[in-house]
Amino acid sequence: GASFLGAVALSERIALSVGLLGQYMQSLFFPYPLMFYHAPLEANAWGVSFIIGLLALLFLVGGLIVLVKKKQFLFSFFGFWIFVFLSPMLIFFSLSAENFFAERYLLVSTIGFGFFVAWGMQQLLRAKEHRNAKRWIAGAFGCLILAGSFLVVFQRNQLWKDTVTFLRADLALNPNAPPMRWFLAET
């Protein structure tokens, strides 16, 4: 019978998985524009997503090894947390039909990412040198992130009037999305 991993060659599967990890890392750090459907990723071993994914994989594995050796188990737990909740989509992406990249798969991984951001901000604020300047910078950075997040989410929430409005807005962002046209026709 057919493999549950699909009929994709191993080299293409690895390139797709690493590229998909890169695409998820891009969305984790810069989640804009928010879309329901993304165009399928191609197995391009030297594309931007692949290179970002390869760097993220090397950083994650290397970082986890260093953290475990230094007995920093909380950090290694949250680093592992980011990866473990993405791994089903990275390994079994052929089971998810056409939409194997979606922001909803990042939801649980953002907990680990948020931990590292919060820890970094705490370290910045704890440093005794230039404490007032660092607090001002951290506060301004936090306000900038909150304002940017509000603007992105507020714009997206305006599209939730009904399903048709939502699908049409996503088609405007991604016109090369046959499944979106099918969803729209069914609605």
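Note that the coordinates shown come from a computational prediction; the quantities given were computed from them, not determined experimentally.
With Phe113 as the partner, the ring-ring contact (aromatic ring centres under 6.0 Å, His included) test is satisfied by one option alone out of Phe78, Phe29, Trp119, Trp81: Phe29.
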Quiz item: When you look at Val61 and Phe83, which way does the side-chain contact (heavy atoms from CB on, under 4.5 Å) test go after all the steps?
Solution: CA-CA 10 Å; Val61 171; Phe83 184 70; over 6 Å; no
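A continuous path of hydrophobic side-chain contacts links Phe115 to Ile111 [ILVMFWY only; heavy atoms under 4.5 Å]. When hydrophobic clusters are built by joining Ile, Leu, Val, Met, Phe, Trp and Tyr residues whose side-chain heavy atoms come closer than 4.5 Å, directly or via intermediates, Phe75 is not grouped with Val68. A chain of hydrophobic side-chain contacts below 4.5 Å, direct or via other Ile, Leu, Val, Met, Phe, Trp or Tyr residues, connects Val164 to Trp182. Hydrophobic clustering keeps Leu28 apart from Leu146 (ILVMFWY residues linked when any side-chain heavy atoms are closer than 4.5 Å, directly or through intermediates).
Heavy atoms of other residues, nucleotides or ligands lying less than 6.0 angstrom from CZ of Phe59 number 12 at most. In Phe73, the CZ atom is crowded: over 12 heavy atoms of neighbouring residues, nucleotides or ligands sit closer than 6.0 Å. Within 6.0 Å of atom CZ in Phe85, more than 12 heavy atoms from other residues, nucleotides or ligands are found, so the atom counts as buried in its surroundings.
Listed here is the closest heavy atom pair of Phe50 and Val18: O-CG1, 3.4 Å. Residues Leu60 and Gly79 approach most closely at CD1-O, 3.5 Å, considering heavy atoms. Of all heavy-atom pairs between Leu86 and Leu21, the closest is CD1-CD1, 4.2 Å. What you find for Thr165 and Asp162 is that their closest heavy atoms are OG1-OD1, 2.6 Å. Taking all atoms of both residues into account, the shortest heavy-atom contact from Ser49 to Gln26 is OG-OE1, 3.5 Å.
Contact annotation: the side chain of Pro175 approaches that of Arg181 to within less than 4.5 Å [non-hydrogen atoms, C-beta and beyond]. In this structure, the side chains of Phe116 and Ile82 come closer than 4.5 Å at one or more pairs of heavy atoms.
When atom types are taken as modelled, the side chain of Ser87 and the backbone of Val84 share a donor-acceptor pair closer than 3.5 angstrom. Between the side chain of Ser17 and the backbone N or O of Ile14, no donor-acceptor pair lies under 3.5 Å.
The CE atom of Met25 sits 13.0 Å away from atom CG of Leu54, with the distance rounded to the nearest 0.5 Å. Going from atom CG of Leu67 over to atom CZ of Phe80 covers 13.5 Å, rounded to the nearest 0.5 Å. Distance check: Ile137 CD1 to Leu144 CG gives 13.0 Å after rounding to the nearest 0.5 Å.
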